[in-house]
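Nothing fancy with the numbering, it's 1 onward along the sequence. Computation of the quantities below employed the complete heavy-atom set of this structure, encompassing side-chain atoms and omitting hydrogens, waters and symmetry-equivalent molecules.
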Amino acid sequence: MRIGGLQVGGRLDRYVAWLFVKSYLAAFFLVVGLYLIMDMAAKLDEYLGPGKDGSSPPGLDVVRLYALQLPFLYLSMSPFVTLVAGLFTAAKMTRFNEVVAALNSGASVRRLFLPVFGGAALLAAGMFGLREWATEEIGICRDALLDRLEKRRPAPIFAGFSIRDRQGRSIRIDEFRWGGEHGEESVLEGLVAHFPIAGGTCRILAERAWPLPPAADGRWRLEGGRRIVTGEAQVPSTLATLEELSFTPEDVRLHWKGRENPLDLSFSETRRLLERDPGRPEYRTLFHYHLTFPLAGLVLLAVGLPFLLGQERGRAVERVALGLFLCVAYFGMDCVTRTLGLQGHLGPIHAAWLPVTTFASLGAVLTGGVRS
């Protein structure tokens, strides 16, 4: 099959695709490496410094943290990596007059760089899958290790927040000690739940709670548990096992993560939280944002490449600078709309899709105006 006068998957497509792959690897080490070095320069002393007891964490823990952090660093910087790789590819082909040769052969610049945009589309799908895998497989270990290095405590402690059980009923928790990483027992301190039942309302209080095995069942053993039914009369009773409310230690950790670090949530985690609390603007916005953020690399390419390819010779620095400025403007708009969406001041669809559709339209116009 031929598109734009060239055989799809032919020698020229393979050449441009291979050049993009090499440029992507170089851009990856450049962008992610610089970000990693800056992060280490800012936080390494904090990680390796002595704690209150005078002891310092082992250096291997810091190495392990950055190894676990690498996929998440890549995800946050991937659109920039894609843009830089596309610019590297275009710059090399322009420098050696390969673009001019393609134009003389009858192929347009848009067709010439089709493998670059195709590669960016594959990377967008890979970003979505990588976020899901990394969050599920290594996210918990990364978070626990980061807490241990920053807070100097053996296990994370989450304090003063609310969660929703599997039926969407609200539960207030004073403190939760997570023991999941090392197989230790998790413990919950101070539980208060208030929900309607037939004939009145039910209030459950407990001083302390431990998950009953298997933990996935969502049942808890209580200490100081009380069940108070309020209707025509108030009937208090002791409660040794919590079975009316169904939630797991993982549910508690997920709700804390959704409150403190919502941008670290994966799409599947956001969907689980949204099912339990559909009115929260943070979860509704993030549900759409996880679909649009992987597209940022494609949008940046469509906006940035035309400034390198589409005009006469000379003043290349100014044109590339203008393209990069528009890319920065995209992330500025994305940050503003996302923040407004998370705070409930802007609808979730507008918050997530407005930057993509706006700059994708601009990119289509700029790409369409490239010489052919």
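- Both tests hold for Arg142 against Phe72: distance to the six-membered ring centre under 6.0 Å, angle to the ring axis within 45°.
- The CG atom of Leu273 sits 5.0 Å away from the NE2 atom of His255 when rounded to the nearest 0.5 Å.
- Annotation for Ala193 and Leu245: closest pair CB-CD1, 3.3 Å, computed over non-hydrogen atoms.
- The shortest heavy-atom contact between Thr285 and Ala352 is O-CB, 4.3 Å.
- The shortest non-hydrogen separation linking Leu366 to Ala302 is CB-O, 4.3 Å.
- Looking only at distances, no side-chain donor or acceptor of Trp353 sits under 3.5 Å from a matching main-chain atom of Thr358.
- Arg338 forms a cation-pi arrangement with Tyr289, by the criterion of a distance under 6.0 Å to the ring centre and an angle within 45° of the ring axis.
- For the atom pair OG1 of Thr339 and NE2 of His345, the computed distance is 10.0 Å after rounding to the nearest 0.5 Å.
- To the nearest 0.5 Å, atoms OG1 (Thr270) and CG (Asp264) are separated by 10.5 Å.
- Taking NE2 of His290 as the start and OG1 of Thr292 as the end, the distance is 9.5 Å to the nearest 0.5 Å.
- Between Met127 and Pro79, the shortest heavy-atom contact is CE-CD, 4.5 Å.
- Rounded to the nearest 0.5 angstrom, Phe20 CZ and Leu123 CG are separated by 5.5 Å.
- Ring orientation note: the planes of Phe161 and Phe158 are nearly perpendicular, at an angle over 60° on the 30°/60° scale.
- A salt bridge is defined here as a Lys NZ or Arg NE, NH1 or NH2 lying under 4.0 Å from an Asp or Glu carboxylate O, and Asp165 with Arg276 fails to meet this definition.
- Salt bridge status for Lys151 with Asp147: absent, with no side-chain N to carboxylate O gap under 4.0 Å.
- Arg64 and Cys141 get closest at one heavy-atom pair: NH2-CB, 4.2 Å.
- Of the charged side-chain nitrogens involved, none lies within less than 4.0 Å of a carboxylate oxygen, so that Arg272 and Glu269 do not count as a salt-bridged pair.
- The pair Arg177-Glu185 does not count as a salt bridge, with every side-chain nitrogen at least 4.0 angstrom from each carboxylate oxygen.
- Nearest approach of Arg284 to Pro278, heavy atoms of both residues: CD-O, 3.3 Å.
- A cation-pi geometry, defined here as NZ or CZ lying under 6.0 Å from the six-membered ring centre and within 45° of its normal, holds between Arg280 and Tyr283.
- Distance check, rounded to the nearest 0.5 Å: CG of Leu263 to CG of Asn261 gives 8.5 Å.
- In this structure, Phe331 has its ring center closer than 6.0 angstrom to the ring center of Phe80.
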